[in-house]
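Residues: numbered from 1 along the sequence shown.
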Amino acid sequence: DRAIAWRKNQLVSLAQPVDELVAEINRYNQHKIVIDDDALRDRRISGVFSVHSPELVVQFLARSAPVTVVETADGSWVISARARPAADGP
C-alpha cells in the first residue's frame, strides 16, 4: 500500500518513468540524480525506493540498464547511456 510506504519514507514505483521517479527522489535530497539520456528518462521501472537513499536508486539503474554513472564533485550523480563501441568499417 502506497500510504504505508510513504509513512516509511519509501516511494513505490509501478512501471513509472525513470524521470518521474528521479524527480521525486531529488525533492528530498541535496545530492541530485541527473539523467542525461532520453531513452533512460522514458524507461519504466518498478520497485520500492527509500526517499533518503538516492544512491540505491543509482545502483538500481546501474544494474538494470547499460549506463555510465559519474559522481560529481558536489556528490550528485550523472547517469548516461554507455557508449557503444564503434563498428569497424570496411
Side-chain angles (χ1 to χ4, degrees):
D1 179 58
R2 287 183 180 218
I4 292 171
W6 181 247
R7 283 184 247 151
K8 293 181 179 182
N9 294 315
Q10 295 176 328
L11 291 175
V12 177
S13 172
L14 299 172
Q16 182 177 25
V18 168
D19 64 339
E20 290 179 15
L21 174 67
V22 166
E24 191 68 21
I25 292 287
N26 282 346
R27 288 181 51 208
Y28 300 95
N29 294 284
Q30 176 181 356
H31 304 295
K32 307 298 183 196
I33 301 170
V34 177
I35 306 297
D36 190 26
D37 180 72
D38 289 335
L40 183 57
R41 277 187 204 102
D42 295 336
R43 183 182 178 129
R44 295 185 175 271
I45 59 172
S46 298
V48 178
F49 302 95
S50 170
V51 297
H52 300 298
S53 298
E55 68 279 1
L56 297 179
V57 174
V58 172
Q59 290 172 9
F60 177 85
L61 293 172
R63 285 193 299 262
S64 64
V67 299
T68 299
V69 177
V70 175
E71 189 169 355
T72 64
D74 70 356
S76 295
W77 299 272
V78 177
I79 303 175
S80 56
R82 192 172 297 145
R84 295 182 183 173
D88 292 333

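A donor-acceptor pair under 3.5 Å is absent between the side-chain atoms of S53 and the main chain of E55, judged by distance alone. At least one donor-acceptor pair under 3.5 Å links the side chain of S46 to the backbone N or O of A15. The backbone N or O of N26 sits less than 3.5 Å from a side-chain atom of K32, completing a donor-acceptor pair.
Once rounded to the nearest 0.5 Å, the distance linking CD1 of I25 with CD of E20 reads 13.0 Å. Taking CZ from R43 and CD1 from I35, the interatomic distance works out to 11.0 Å, rounded to the nearest 0.5 Å. If you take CZ on R44 and CG on L14, they are separated by 11.0 Å, rounding to the nearest 0.5 Å. How far NE2 of H52 is from CG of N9: 3.5 Å, rounded to the nearest 0.5 Å. Summarising the geometry, atom CD belonging to Q30 is positioned 8.0 Å from atom CG belonging to D74; distances are rounded to the nearest 0.5 Å. Considering OG of S64 and CG of L40, their distance stands at 7.5 Å, rounded to 0.5 Å.
Follow the hydrophobic side-chain contacts under 4.5 Å out from I33 and you reach F60 in the same cluster. Both V58 and Y28 are members of a single hydrophobic cluster when ILVMFWY side chains are connected at heavy-atom separations under 4.5 Å. By the criterion of side-chain heavy atoms lying less than 4.5 angstrom apart, applied directly or through intervening Ile, Leu, Val, Met, Phe, Trp or Tyr residues, I45 is grouped together with V51 in one hydrophobic cluster.
By the salt bridge (Lys or Arg N to Asp or Glu O under 4.0 Å) test, R41 pairs with D38, sequence neighbours left out.
Nearest heavy atom pair, residue D36 against residue S80, reads O-CB, 3.8 Å. Nearest heavy atoms, A62 versus V69: CB-CG2, 4.1 Å. Contact between R82 and A65 at its shortest, heavy atoms only, is NH2-O, 4.4 Å.
Checking each of V34, V70, L61 against I79 for a side-chain contact (heavy atoms from CB on, under 4.5 Å) leaves exactly one that passes, namely L61.
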